[in-house]
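Note sheet for the following structure.
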Amino acid sequence: MKLITAIVKPFKVDDVKSALKEAGVVGLTVTEVKGVGRQGGHTETYRGTEYQVDLVPKVKLEVVVDDPVVDTAVDLIVAAAASGKIGDGKVWVTPVEAVVRIRTGEQGVDAI
Amino acid sequence: MKLITAIVKPFKVDDVKSALKEAGVVGLTVTEVKGVGRQGGHTETYRGTEYQVDLVPKVKLEVVVDDPVVDTAVDLIVAAAASGKIGDGKVWVTPVEAVVRIRTGEQGVDAI
Amino acid sequence: MKLITAIVKPFKVDDVKSALKEAGVVGLTVTEVKGVGRQGGHTETYRGTEYQVDLVPKVKLEVVVDDPVVDTAVDLIVAAAASGKIGDGKVWVTPVEAVVRIRTGEQGVDAI
Amino acid sequence: MRRRLITGAVVAGGLLLILGSPAGAQEYEPTTQDILDNLWVFIAGILVLFMQAGFALVEAGLTRGKNVANIMMKNLMDCMAGVLAFFLIGFTIAYGPDGNDIFGLGGWFLADQPYEGGLTLHTNFFFQVAFAATAATIVSGAMAERTKFKSYFLYSFVITALIYPMVVRWTWGGGWLGADEDGTGKVLSVPFSDFAGSTIVHSVGGWAALMGALILGPRLGKYTKDGKPRAILGHSIPLVLLGTLILFIGWFGFNPGSELAADLLVQDIAVVTLLSAAAGGLTGMATIWIRSGKPDVGMTCNGVLAGLVSITAGCGALYNWAGILVGAIGGVLVVFSVEFFEKVVKVDDPVGAISVHGVCGAWGTLAIGLFAAKDDAFLGREDAGLFYGGGFDQLVTQAVMVLAVFVFVTVTTGALFLAIKYTIGLRVTPEEELEGLDVLEHGSPGYAGDTLSGLGMDELTASMSTKELDRLVGEKAEA
Amino acid sequence: MRRRLITGAVVAGGLLLILGSPAGAQEYEPTTQDILDNLWVFIAGILVLFMQAGFALVEAGLTRGKNVANIMMKNLMDCMAGVLAFFLIGFTIAYGPDGNDIFGLGGWFLADQPYEGGLTLHTNFFFQVAFAATAATIVSGAMAERTKFKSYFLYSFVITALIYPMVVRWTWGGGWLGADEDGTGKVLSVPFSDFAGSTIVHSVGGWAALMGALILGPRLGKYTKDGKPRAILGHSIPLVLLGTLILFIGWFGFNPGSELAADLLVQDIAVVTLLSAAAGGLTGMATIWIRSGKPDVGMTCNGVLAGLVSITAGCGALYNWAGILVGAIGGVLVVFSVEFFEKVVKVDDPVGAISVHGVCGAWGTLAIGLFAAKDDAFLGREDAGLFYGGGFDQLVTQAVMVLAVFVFVTVTTGALFLAIKYTIGLRVTPEEELEGLDVLEHGSPGYAGDTLSGLGMDELTASMSTKELDRLVGEKAEA
Amino acid sequence: MRRRLITGAVVAGGLLLILGSPAGAQEYEPTTQDILDNLWVFIAGILVLFMQAGFALVEAGLTRGKNVANIMMKNLMDCMAGVLAFFLIGFTIAYGPDGNDIFGLGGWFLADQPYEGGLTLHTNFFFQVAFAATAATIVSGAMAERTKFKSYFLYSFVITALIYPMVVRWTWGGGWLGADEDGTGKVLSVPFSDFAGSTIVHSVGGWAALMGALILGPRLGKYTKDGKPRAILGHSIPLVLLGTLILFIGWFGFNPGSELAADLLVQDIAVVTLLSAAAGGLTGMATIWIRSGKPDVGMTCNGVLAGLVSITAGCGALYNWAGILVGAIGGVLVVFSVEFFEKVVKVDDPVGAISVHGVCGAWGTLAIGLFAAKDDAFLGREDAGLFYGGGFDQLVTQAVMVLAVFVFVTVTTGALFLAIKYTIGLRVTPEEELEGLDVLEHGSPGYAGDTLSGLGMDELTASMSTKELDRLVGEKAEA
Ligand SMILES: Nc1ncnc2c1ncn2[C@@H]1O[C@H](COP(=O)(O)OP(=O)(O)O)[C@@H](O)[C@H]1O
Ligand SMILES: Nc1ncnc2c1ncn2[C@@H]1O[C@H](COP(=O)(O)OP(=O)(O)O)[C@@H](O)[C@H]1O
Ligand SMILES: Nc1ncnc2c1ncn2[C@@H]1O[C@H](COP(=O)(O)OP(=O)(O)O)[C@@H](O)[C@H]1O
């Protein structure tokens, strides 16, 4: 199993969620985060004093999926989240050694 | 070392924390997140217009533990977080290659 | 590639960000979290009733970097985030199997 | 001295008005002083209505964010329901020309009456209904975060229609606690005094709050297995503070408006009210500071309110120094009382309503028996207080009043809450309580984040007709 | 009866004042009653200005957090710009001594006039400008979350300078909808009645809001591809509720102050206003409860406001029971109207301004034709309502008024918004809309978190001079 | 003309009252006009007290969320402490019948006095104490986010007990800056004019704020190593905007109430105040828009307040057009002044209190020397302003007043803050400043999240007695 982590633009969350759902991936966890990257920030002023807005609001999605689904899921996320504009975000995949469903104690693929 | 990530119901956080403490695991990091899964959502109305509440508030706990503790810790978390109702959450385990305690620069198991 | 996760004190975020930038690591994602650890909490009172403040505000930084950069990056983070006081936080490193830049579909190191 | 007597006269006049006057009587032409009297009492009534916002904010701030819309909605709707309940039923029970010393009847629905000077029926109603709404709304705080909306709504209708008006009947309405024609008490040796309602308004609310909180039980998690209270932090101190300041402002309608006339005593009443509030705030802060090591903000706000409630009865009878003393004692009292109810009685009152309104209301009423010096038109004499040589008579009357209202309110509201509990239910389910009342009782959260209600870009642009997209593009060109 | 007629007299008096009086006339010494009249109307004006805070809060609460500073800033600045616009231009157009039944001229900039009793020019201006600011600010809510700040600012200047004053001219200003010397209508068979401005103030705002929202188009994501509306949750119900209570309080200046004199009718007006608000709140809540299964908080607030807007025209002419009925119908109406505009017309009005102010304003104005019983000085007769045997005349006049204002406002504001759109642009770019107007239009977010603006420790200590560090250390030693 | 003179008369009358009248004098029966005078000044005082909420909100909004309870608590408690301080000491120093032109004595604790018309002692006290509380509370904003609570508390007691009252003594209290019997200045050629306290109230607060912020030093991180200021964003613009609107409303008590009588000038004062506020808001917005490219919301609010402070001195003496000009200049001034103190003087004033109250207060006071046309009872003559041919005399007097108050306040508050600093300490530790003052000074955060104070289910159900669980179950069955 793998953990797919995606950083996407906030208004893309629904699109990604629907795309994954169509591929049968229902469970996921989202977090409000802020990101820095190539997108850079912009300079604003507050009461006449300049400051950098370099942390842009993003949403992080975490999805644990079974190995065979990983590639499809990543592709779907990338397709759904892309707007072609800078700051669209990243997806990365990390290995997962064990998963448990708390309610039932089921393990592994059954737990997803 | 492993990173145990647990998504639990918000009001279970204290139970999980105490359970881990009793097992000697003190350090952990918590994040407020929202989750989608089998629990599904419910339909509510706002000013007469229906909408889906499909993101349920959850809490994510991250704990880095030494390999021998992993199984106990996971079991404890599962035991403490389970209410038997849908939406109890997941626990997953990922490998950690290095840990450093920032204050001292200690590495590995000492850093936990 | 690796994912470096750092839990640091909130007012250290800017220092860490600058330190990484100087080392050429620009992209990162930050999350507001709370932590428990050796730092412990303190007892406060609210309307005459005591309670424990055991969750201390922290910030989590996540940075995906190419393997050769990992050690430098960790060192830089540790150096920038350390104040020598208890509660300075942790850094841990986990393996990443794939990265995609959503905008372009670039993969691997190019995607960082 | 003229005006001092007017307070009593107006109440009687109100009844007269409702009783009507002989047909064919000359129409009374109001003087500018009449108009001023009415205008001032009306403005004071607006200030008292503004207190609804203060209560809503204090209660919202001292409870959790997941229930914020629910608690504020309760405050809004007990006011709206209360207005109609008091119009339809309550005002007659309180001030109806027929009926007896316990229960008024007649003069329903503000039936038009010839005007004979003093306050008009509508002025009187406006001011009184604002008070009724205050008594009702006090309760919501103590029952916060776990009471069903519809059950609370029902309760608030009954208290404004029946329970509060009966207490008013007994007192301001000329009932059994009041004075006979000869100035002695109807039943007791001397008549009661409660100028602006420490007991009549605040204690009524406070004791109803006590019964409500008792019958509901504590919020989930408020007490540990071994009965130790746990702190459940209020989610927004700014709301508490703003609410306290609004209540403070509103009180300058509540107390000085209870003069029921525009005269030069109005400002005397205002000054003693101000001093008592300040004293209560300071001693409340000092007490919690000493007891817990830090000046708790919410408790200090309770202290200010305690000072205000404590002086509400005696604001027409007490000298400034006595006002300061009474407020200061109120500020100390409220801290110990909150602790007592939380730790000993183990009633869960998230905002301290029982202590602020019930306990300090009782204290303020009794204080008249000790410190009354001026004649507030209810007392009918100067130097009625024990410390001014007035003997124990007044203190006894005040104590009887406090007790009578305590018994009456606890019994009737107790019965009411139990009746609700065993019919439509009083408390939300544990699931609802955990998830929060806002979404489950009202359909949406009190605070909704922007981000996670984010919508997909496809959807966003899909919502645009071609014409609209053209427009957007047109504008973009400009931008 | 004296006072009832004064309302008309004051309006005429205002014109007289502006026209000036023959030179050399004896200076009029104001009586205490004169002073009281002026003082009350002034205090009422303060209450009406306070409604600006209510509007700002309700609109802020019902929209998203990323636009909160922008919407509140719009409320603040339409008031500030409106004050100057009305001073420079609007007041003359509305009440100028020259000009005609459609458009006033002369008496610019509050040129000083001899005083001859009644309201002074400044009292009159103060009260009227508060009303003008109200009409203007209603619009911001319907256009929230997507309108350019500078474009809104421009609009608000024009509506307060020109559009609203013209409607006032036609009506309160003695224009074509008003009464002839003989008491019949100038143009119509009977003169209009709109005591405090259901149509003149609220519908003007509501119809302008309709045009604004129509021309702007819906917020991104408000409608799905197939035209189904989506819920975009307001970010803070506490703000909505506080705002509603402030508006409720302000209305006791709005309606009773429109008596334009201190007399004993003021409180009658207040009571019917209070009852109507309560009825609107209850039926609004009941209607949404039945339709969607839960008592929505924001919609209930809309119900209270609907009750208030509905009684604004008839508060001087309706008995209490009719006030309750009119408010109750307003409360039902607003829920269906919101649904109608959202689901059928598909106009995106995040706060319900069109329904609350436009639709209920029209309803309240028409209700006079049905229920008018008392003479509010505009009607010039008792029992003017259809149900009181007054025939259809009044209803026809009211309908003509509603229609005339609807057509005039939709055409003029429509032209205005289109003109703005095709010159400086009306709507922000989609990018800006997505990111939020606060940062992009004003430079900083409405809500800034502490944590992530955290600064590095090096920087923190670096900012301290040696002297300062010494100081800190000195204190630390003490601490 | 009668009323215009009353302002002076009342002040003198106040002293007379305190001096007492010959024993055996006939008791004066108040007229309705007397009662109206008192009532209006009392209502105005309530509006001024309401400004405490405005200050608390503006300051809370422009600072960080981790210090929100602390700053609001400071605002509450400086008011409460100030009330008692002014009652015990300050009122006598300001208005005591004994003493001299610099320092008043006698008539302690509002000792009862025979009434001889005009304002009663209590009315006077109520209005004056509200002003005293205003002067004190201005300071908290400039010292926000780093001042120890107890130290601030001590300061606020001293300023209301001693420093502010002395400035009042010199001026309104009939001291050395005022007029002789013959209408010329006691010390200067012409007497000062400061109708509602641009200098006496606002500059006193502003200069005290300056010294406080200077002696405290900037917040950690406010300046970079090389002394460049950094933006530390206010955490809640909605609070700032609501606060500004509340202050705006309160000012219609502040300025028109300073007439100290109910007459027809009250509304003239109100209108010029309104126009100046609007002008200040517009020019403040325009200035920051031009200088930084965007209309900053907080700065625009500062502009509105600058307009209000600027007209506070001259509201009785200036024509409307001059009021607009003075307010407009105030709005420009405040933006440059904020920049000057932030970038040149490098004083860290998070809310702009020094600029709004100190600088614009001085400007408003000087403006009288330029634009005074009407006699505001202080001037004693018409056309006193330079531009009205009054010569330089008035301008000189105004400048002397501004300077005298500046020197006196900076020296005394400077000494006070230094004394506090070297005894109990003025500033919290850096650790406390980083973590936030709410938890560490008061025991709990201003904003507490629900989720993470979540409790375990075991604990939750454990708190339920069997009876309670039964009850819950009973209800669930129903639900
Ligand atoms: N190396 C990284 N590690 C973790 N998160 C990253 C990294 N680089 C970028 N991100 C996240 O992805 C977001 C988008 O990245 P950015 O470089 O701005 O745009 P793009 O991916 O289109 O080139 C950032 O805001 C940040 O949250
Ligand atoms: N595949 C997944 N990846 C990441 N998080 C998941 C996944 N599935 C579920 N979750 C998280 O676990 C929570 C509970 O899952 P859910 O399916 O609703 O209940 P249960 O685990 O009891 O079957 C979800 O709200 C979500 O936060
Ligand atoms: N085992 C762990 N797993 C995950 N996070 C941890 C762990 N231990 C500590 N942390 C995080 O690091 C923070 C600092 O740890 P703490 O033990 O308090 O101080 P220190 O690292 O200086 O010894 C904690 O608040 C928590 O967020």
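Note: hydrogens, waters and symmetry copies are ignored here, and every other heavy atom, side chains too, is used. Here is the naming used below: chain letters follow the sequence lines, and residue numbers restart at 1 for every chain.
Only the side chain of F:Phe248 comes within less than 4.5 Å of a heavy atom in chain E; its backbone stays farther off. The contact between E:Gln52 and chain F is made by backbone and side chain atoms together, counting heavy-atom distances below 4.5 Å. Contacts of E:Ala69 with chain F are made by both backbone and side-chain atoms, with heavy-atom separations under 4.5 Å. Of the atoms belonging to F:Trp321, not a single heavy atom falls under 4.5 Å from chain E. When heavy atoms are compared at a cutoff of 4.5 Å, E:Ile43 approaches chain F solely by way of its side chain, counted from C-beta outward. Neither the backbone nor the side chain of F:Leu239 comes within less than 4.5 Å of any heavy atom in chain E. Proximity to chain E (any heavy atom under 4.5 Å) is shown, for F:Leu39, by neither the backbone nor the side chain. In this structure, chain F has a heavy atom under 4.5 Å from the backbone of E:Val439, while its side chain stays farther away. Looking at F:Asn320, the atoms closer than 4.5 Å to chain E (heavy atoms on both sides) all sit in the side chain, from C-beta outward. Looking at F:Phe50, the atoms closer than 4.5 Å to chain E (heavy atoms on both sides) all sit in the side chain, from C-beta outward. Looking at E:Phe87, the atoms closer than 4.5 Å to chain F (heavy atoms on both sides) all sit in the side chain, from C-beta outward. Neither the backbone nor the side chain of E:Val41 comes within less than 4.5 Å of any heavy atom of chain F.
Among all heavy-atom pairs drawn from F:Pro238 and E:Gly446, the shortest one is CD-O, 3.6 Å. Minimum heavy-atom separation, F:Thr300 to E:Met77: CG2-SD, 3.4 Å. Minimum heavy-atom separation, E:Leu84 to F:Leu275: CD2-CD2, 4.0 Å. Here the shortest heavy-atom pairing between E:Ala53 and F:Leu245 reads CA-CD1, 3.6 Å. Among all heavy-atom pairs drawn from E:Leu57 and F:Leu242, the shortest one is CD1-CD1, 3.8 Å. Minimum interatomic distance between F:Asp268 and E:His122 (heavy atoms only, all atoms of both residues): OD1-ND1, 2.8 Å.
Judged by distance alone, the side chain of F:Gln267 and the main-chain N or O of E:Phe126 form no donor-acceptor pair under 3.5 Å.
Using a 4.5 Å cut-off between non-hydrogen atoms, the part of residues 280-288 of chain F that approaches chain E consists of F:Gly281, F:Leu282, F:Met285.
E:Met72 has its side chain out of reach of F:Val240: every pair of non-hydrogen atoms, C-beta onward, lies at least 4.5 Å apart. Residues E:Leu76 and F:Leu241 have side chains in contact (heavy-atom distance under 4.5 Å, counting atoms from C-beta outward).
Taking the six-membered ring where tryptophan is involved, the planes of E:Phe42 and F:Phe252 are perpendicular, since the angle between them exceeds 60° and thus also 30°.
Residue E:Leu119 holds its CG atom at 9.5 Å from CG of F:Leu264, rounded to the nearest 0.5 Å.
For the set F:Thr31, F:Asp296, F:Leu36, the count of heavy-atom pairs under 4.5 angstrom toward chain E peaks at F:Leu36. Per-residue heavy-atom pair counts under 4.5 Å with chain E were compared for F:Val266, F:Thr244, F:Val304, F:Leu274, and the maximum is reached by F:Leu274.
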| task | Walk me through it: do F:Ile237 and E:Asp438 pass the test side chain to side chain contact (heavy atoms under 4.5 Å, CB included)? | result | CA-CA 10 Å; F:Ile237 298 300; E:Asp438 284 0; over 6 Å; no

